[in-house]
Every structure is written in structure tokens, then in C-alpha cells.
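First the structure, in the form of C-alpha cells, and then the observations on it.
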Amino acid sequence: MSVHYQPIVDQRDRTVIGGESLVRWNDPVQGFISPGIFIPLAEKVGLIDQITYLVLDNAITMISENKIMFSERYISVNVSRSLILRGDFINEVESRLKYHYLASERLVFEITEEAIFNDDEFLTLRAHLDRLSRLGIRIAVDDFGTGYSGLDFITQYPFDIIKIDRVFVNNLSNGHTIQPLLEAIHTLSQTLNMSVIVEGVEDPSQLRVLHELGFYNIQGFYFSKPIPKQDFLEYVQSSQSSQLQKLQPVLN
Ligand code: C2E
Ligand code: CA
């Protein structure tokens, strides 16, 4: 298994504000197997914790080895619902980050609400998220707008980031019925002081509509597919250099 990273870009100046870690499994016999298939299996057979630690360790290493590059950027890690509710997982995260104070502040955990949390689960979730926040880790609500992760969920905890699912973006090109909904999400995110990332942006027309609606943080194939670590670092580097080039006349 290996980890790829997908850049998250501020479309106003095309700087990379962060990246999402996405695990990859290249089986010598079966070839590339999609995480959409093996992650649910890993959860069933009890391997999801090992996979998540692998992804987390990769993220911590990358941040620690590139402190200047990550002084303001972040790397996000997907954490399954089953795992975020486990006390031993939170203990393990705390112990792995014990000597990496700077890295924890550059980490985001993405969680989904695939099914409604009952009252007990929600209390546990809240306690665990509070412990992660004390470490400096920020929390994003993933796949917002699909499944159960709706308005009710995001108003129950001060999440830092909302990631709008790509189904919304797919529908942008099929007419404008989705736009009032996006406008409402935008207003809500401002009221709740949460930043927003829109996922799954593939073409410039989608980018333009999102810009008009005030959505600037973008993740999608338009900017880049998930890529290996070295390519990701080069991508960030080149976005920095083109920023510097633009600033040069001003600096001179
Ligand atoms: P996700 O968390 O919603 O991740 C985003 C998925 O959307 C990724 O698929 C990414 O490649 C894809 N994507 C990004 N931009 C575009 C776009 O413009 N167009 C299209 N068509 N797709 C785009 P990927 O890498 O196949 O991952 C699928 C799912 O597997 C992830 O969905 C996540 O739920 C899960 N996953 C991946 N890595 C991990 C992991 O380390 N831990 C856990 N628990 N789940 C993971
Ligand atoms: Ca995600």
C-alpha cells in the first residue's frame, strides 16, 4: 500500500492550501484496487486501524520533513466512523503526536456521518473530537450533503471545515437548481465560521460558477488527481514559484 496526495487549491491565486491523503493498493496480481472497495473490507476484517496509522505516519513524516512548506498548509487524513469512536485509536493518535507538536497543528481529520450517531455515540464522538482539537488537529466533515451528514450534524459540533461532496458539482452543469442550495450552504458556513472545500471540480465552467458563489477552496481533477508524495511536493513548490514570479514586479 502507498499514499497519494491530492492538492487543495485556492482558486483565486492557485496556491495550494493543503492536500488530502488517499491510500492506494497496488496488488501484484489484481493490479490497482480502489479504496472505495478495500476500505469497507478493511473495516470488516479489522485492518482499518493499521491502514489509518500508515496514512497518518506518512502525513506526519511529510509535514516534519518539510516544515517551511507546511508552516501554513495542512494535510488531511480520512478517519472512518468506526475508528473515531474508539478510545484506543485516540490514545494511539495522542502518543504518535507526542513529539510532533508542529505536525498536529498541520493535520486535519476528515470524518463522515454515514449513519446517524445515536446519543451515546455522539457523546463519545464529541469527547474524542475535543481531545483531538486539544492536540491542534482540525476536523472536517467529509462528503457533506450525502448520506446523513446534513445540516443537523454540522450544527452540533464546531467543525473547522466542510467538504462539499462532488455530487453537487456534477449537478452544477445540469442546470442551476443546485445553486440556491450551495448559496445556503455558503451562508451557513459563514455563520458557523467553518471554511469550505468543494470536491470533484473537473472543468473551468464549474470553477467559474463556484467562484461567483464565493467558493474558493477547490479539490478536483481540474487542478490535479491524487499523486505520489514527490509529485505532490513538486506541485506545491511550483505553485509557490509562480506566486513569487507574480509578486516580483511588486517587490522590485
Ligand atoms: P473521499 O474521502 O470522498 O475522497 C475523495 C475521492 O474523490 C478520491 O477517490 C479522489 O480521487 C476522488 N476525486 C477527487 N477529485 C475528483 C474529481 O474531480 N473527479 C472525480 N471523479 N473524482 C475525484 P479515491 O482515492 O478513489 O478514494 C475513494 C474513497 O476511499 C475516499 O473518498 C475515502 O472515503 C476512501 N479512502 C481513501 N483513502 C482512505 C484512507 O486512508 N482511510 C479511509 N478511512 N478511507 C479512505
Ligand atoms: Ca475524504
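Positions are given from 1, in the same order as the sequence printed here. Both ligands and their constituent atoms are indexed starting at 1 by order of listing.
Checking side-chain atoms of D203 against main-chain N and O of Q206 turns up a donor-acceptor pair under 3.5 Å. Side-chain N or O atoms of D160 include none that pairs as donor or acceptor with a backbone N or O of A140 at under 3.5 Å. Side chain of S224 to backbone of G220: no donor-acceptor contact under 3.5 angstrom is found. With hydrogens and angles disregarded, a donor-acceptor distance shorter than 3.5 Å links the side chain of S34 to the backbone of G36. When atom types are taken as modelled, the side chain of R106 and the backbone of R73 share a donor-acceptor pair closer than 3.5 angstrom.
Counting only residues at least two apart or on different chains, the ring-ring contact (aromatic ring centres under 6.0 Å, His included) pairs with a member in residues 101-121 are F117-F153.
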Got a list of side-chain donor-acceptor pairs under 3.5 Å for residues 129-136, not counting sequence neighbours?
| from | atom 1 | to | atom 2 | distance (Å) |
| --- | --- | --- | --- | --- |
| D130 | OD1 | Y157 | OH | 2.7 |
| R131 | NE | E94 | OE2 | 3.1 |
| R131 | NH2 | N91 | OD1 | 2.6 |
| R131 | NH2 | E94 | OE1 | 2.8 |
| S133 | OG | L129 | O | 3.0 |

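Using a 4.5 Å heavy-atom threshold, the side chains of R138 and E105 count as separate.
For the Ca ion (ligand 2), protein N/O/S neighbours under 3.0 Å (waters excluded) are E20 OE2, N78 OD1, E110 OE1, D142 OD2.
Using modelled atom types, one finds no donor on one side chain facing an acceptor on the other under 3.5 Å when comparing E20 with S76.
The immediate protein surroundings of ligand 1, defined as residues with any heavy atom under 4.0 Å of it, consist of Q6, E20, L22, V23, R24, P35, G36, I39, I48, V55, N78, S80, D142, D143, R166, E199, G200, V201, E202, G220, F221, P226.
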